[in-house]
Amino acid sequence: METPNEDIGKKNQDSVNANPKSALSVNPGVADAPAISPYIRDQRKTLSRKDISAEELAEGILSGNRTHLSKAITLVESNLEAHNDKAQAILELVMPKVGNSIRMGITGVPGVGKSTFIESFGSYLLEQNHKLAVLAIDPSSQRTKGSILGDKTRMEILSKSENAFIRPSPSSGSLGGVARKTRESMYLCEAAGFDTIIIETVGVGQSETQVHSMVDFFLLLMLAGAGDELQGIKRGIMEMADLIAINKADGPNEPFAMRARVEYESALHLFPAPESKWTPRATTCSGIGGKGIEEIWKLVLDYISTTKTNGYYAKNRETQTRMWFEETLREAVLEQFFMRPGKKEAILESETKLMSGQSTLLKEIKRLMD
């Protein structure tokens, strides 16, 4: 039963509805927009299935499906045996489409501006109608084993582009500035149609040479004041660089960057001539201002043209594949060693003997190997 107040309110509303010209009339509203994009919702429905076959993922990658590419990279990086088997099946299906990109490695000390440089450099490549994939390796904590994976936040332009793909990955304790499965991730990106692959390393110093064994062109970013000519001629990462770029060459820092360029270029002439017949050089750039970006890309193309002409390009890739095979074989042998029955107890026994001084290190190693 309606109360008197409800009855009066209903009559007033009926009166308003009967007179649509009234200022109190209520017009039909517009339906609320969905909180989730219909495209994303449909994608979630598609991917919500518990299992997507290797064939489906491979087909999606070859057609440029970024969601399938991300999922395949996740399988590649997984430590689960079932995931590894599936990842290898995917790689086997897409390998015929691999090898048609320019592979670049970019490294430098922490704070040199690698992510900012890649944002500027990548934006230039997109303007030249290239498709770019960035594999950013983030350091993992030795205590918690976690990683921030925040490089993508520094690449706002690239992260919004349809022709760019950014994949942060944890180093997970791997040495050399890259992750264990960076090479496989690179192959998947090539199969997806990206013609330029950039691997951004962790950034730890002169030991970061692993990336050199998986790229065509190796760019070393430096800062003015990071060292003199003597620092430049030290063996290690310096002699592996195809180009040294002094970053942050803008504002009051520009004259110091120019002087550093001259010092490093002088130092590069003291190294033995590389097998590629390419003469490494030094230049200056600014990730924020975009200075020197076009020149660096021209040098990359010049390097690719030179090494393809003299045959080093193909030979280098063959050498890298051989190294990949040997590294993977060593990992497999090591894994089999620790998985043998009774191995854990035998290792514990050897450790106990060493701690108590009952045996020597080499003797116990030989006993475990036997």
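FYI, the numbering just counts along the sequence from 1. Values below: every heavy atom of this structure, side chains too, minus hydrogens, waters and symmetry copies. The structure displayed is predicted, hence computed values, not measured ones.
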Go through the steps to decide whether Q320 and S213 satisfy the test side chain to side chain donor-acceptor pair (under 3.5 Å), and finish with yes or no.
CA-CA 6 Å; Q320 291 176 349; S213 67; over 6 Å; no

Please list, chain by chain and in numerical order, all residues satisfying side-chain contact (heavy atoms from CB on, under 4.5 Å) with R330, sequence neighbours excluded.
E326, E327

Could you pull out all residues at least two apart from K366 that satisfy salt bridge (charged side-chain N to carboxylate O under 4.0 Å, His left out)?
D370

Not counting sequence neighbours, which residues clear side-chain hydrogen bond (donor to acceptor under 3.5 Å, both in side chains) with D195? List them please.
H130

Fellow cluster residues of I347, listed by chain then number, with links counted only when side-chain atoms sit under 4.5 Å apart:
L334, F337, F338, L354, L361, I365, L368, M369

With sequence neighbours excluded, residues passing side-chain hydrogen bond (donor to acceptor under 3.5 Å, both in side chains) with H269
none

Side chain S78, main chain T74, donor-acceptor under 3.5 Å
no

If a pair satisfies salt bridge (charged side-chain N to carboxylate O under 4.0 Å, His left out) and one of its residues is in residues 88-108, list it, with sequence neighbours excluded.
R103-E190

So do the side chains of L158 and I118 get within less than 4.5 Å of each other, counting heavy atoms only?
yes

Using distance alone, with no hydrogens and no angle criterion, decide if E56 and S53 have a side-chain donor and acceptor under 3.5 Å apart.
yes

Can you list the steps and then say if I288 with S120 is a side chain to side chain contact (heavy atoms under 4.5 Å, CB included)?
CA-CA 7 Å; I288 293 179; S120 181; over 6 Å; no

For residues 272-280, tabulate all N or O donor-acceptor pairs below 3.5 Å that involve a side-chain atom, not counting sequence neighbours.
{"residue": "E275", "atom": "OE2", "partner": "K315", "partner atom": "NZ", "Å": "2.7"}
{"residue": "S276", "atom": "OG", "partner": "W278", "partner atom": "N", "Å": "3.3"}
{"residue": "W278", "atom": "NE1", "partner": "D242", "partner atom": "O", "Å": "3.0"}

Taking only residues two or more places apart in sequence or in another chain, which ones pass side-chain hydrogen bond (donor to acceptor under 3.5 Å, both in side chains) with T309?
none

Please test F121 against L132 for side chain to side chain contact (heavy atoms under 4.5 Å, CB included), starting from the C-alpha separation and ending with a verdict.
CA-CA 10 Å; F121 185 71; L132 172 69; over 6 Å; no

Can a side-chain donor-acceptor contact be found between S350 and R367 if the only test is distance below 3.5 angstrom?
yes

Taking the basic N atoms (NZ, or NE/NH1/NH2) and the acidic carboxylate oxygens, is any pair closer than 4.0 Å for E200 and R167?
no

Can any side-chain N or O of Y264 pair as donor or acceptor with the backbone N or O of A245 at less than 3.5 Å?
no

Please name all residues satisfying side-chain hydrogen bond (donor to acceptor under 3.5 Å, both in side chains) with E55, sequence neighbours left out, ordered by chain then number.
none

Is the count of non-hydrogen atoms from other residues, nucleotides or ligands lying under 6.0 Å from Q358 atom CD greater than 12?
yes

Which side-chain N or O atoms in residues 246-258 pair as donor and acceptor under 3.5 Å with protein atoms at least two apart or in another chain?
{"residue": "N247", "atom": "OD1", "partner": "G287", "partner atom": "N", "Å": "3.1"}
{"residue": "N247", "atom": "ND2", "partner": "V112", "partner atom": "O", "Å": "2.9"}
{"residue": "K248", "atom": "NZ", "partner": "G111", "partner atom": "O", "Å": "2.8"}
{"residue": "D250", "atom": "OD2", "partner": "S286", "partner atom": "OG", "Å": "2.5"}
{"residue": "N253", "atom": "ND2", "partner": "K248", "partner atom": "O", "Å": "2.8"}
{"residue": "E254", "atom": "OE2", "partner": "K291", "partner atom": "NZ", "Å": "2.6"}

Are any non-hydrogen side-chain atoms of M155 and K160 less than 4.5 angstrom apart?
no

Just checking, is any N or O donor in the side chain of R183 or Y187 under 3.5 Å from an acceptor N or O on the other one?
no

Do I102 and I304 come close enough that some side-chain heavy atom pair is under 4.5 Å?
yes

Output yes when a side-chain donor or acceptor of R66 lies under 3.5 Å from a complementary backbone atom of A164, and no otherwise.
yes

With the side chain counted from C-beta on, respond yes when I296 and F117 share a heavy-atom pair under 4.5 Å apart, and no when they do not.
yes

Please evaluate residues F217 and L219 with respect to the criterion side chain to side chain contact (heavy atoms under 4.5 Å, CB included), reporting the C-alpha separation (whole Å), side-chain torsions for both, the decisive distance (0.1 Å), and the verdict.
CA-CA 7 Å; F217 188 89; L219 172 63; 4.2 Å; yes

Would you say the side chain of T67 lies within less than 4.5 Å of the side chain of K71, judging by non-hydrogen atoms?
no

K353: which residues meet the salt bridge (charged side-chain N to carboxylate O under 4.0 Å, His left out) condition with it, sequence neighbours left out?
E349

Starting from the C-alpha separation in whole Å, work towards a yes-or-no answer on side chain to side chain contact (heavy atoms under 4.5 Å, CB included) for V300 and W297.
CA-CA 5 Å; V300 173; W297 179 241; 3.9 Å; yes

Taking atom CD as the centre, does E59 end up with more than 12 heavy-atom neighbours from other residues, nucleotides or ligands that are less than 6.0 angstrom away?
no

Can you find a heavy atom in the side chain of I199 that is under 4.5 Å from one in the side chain of I106?
no

Side-chain contact test, heavy atoms from C-beta onward, threshold under 4.5 Å: evaluate it for Y303 versus Y313 and give yes or no.
no

Which residues share a salt bridge (charged side-chain N to carboxylate O under 4.0 Å, His left out) with E294, sequence neighbours left out:
K298

Before you tell me yes or no, could you show the steps for K86 and E81 under salt bridge (Lys or Arg N to Asp or Glu O under 4.0 Å), namely the whole-Å CA-CA distance, both residues' side-chain angles and the distance that decides it to 0.1 Å?
CA-CA 9 Å; K86 191 171 184 178; E81 186 174 353; over 6 Å; no

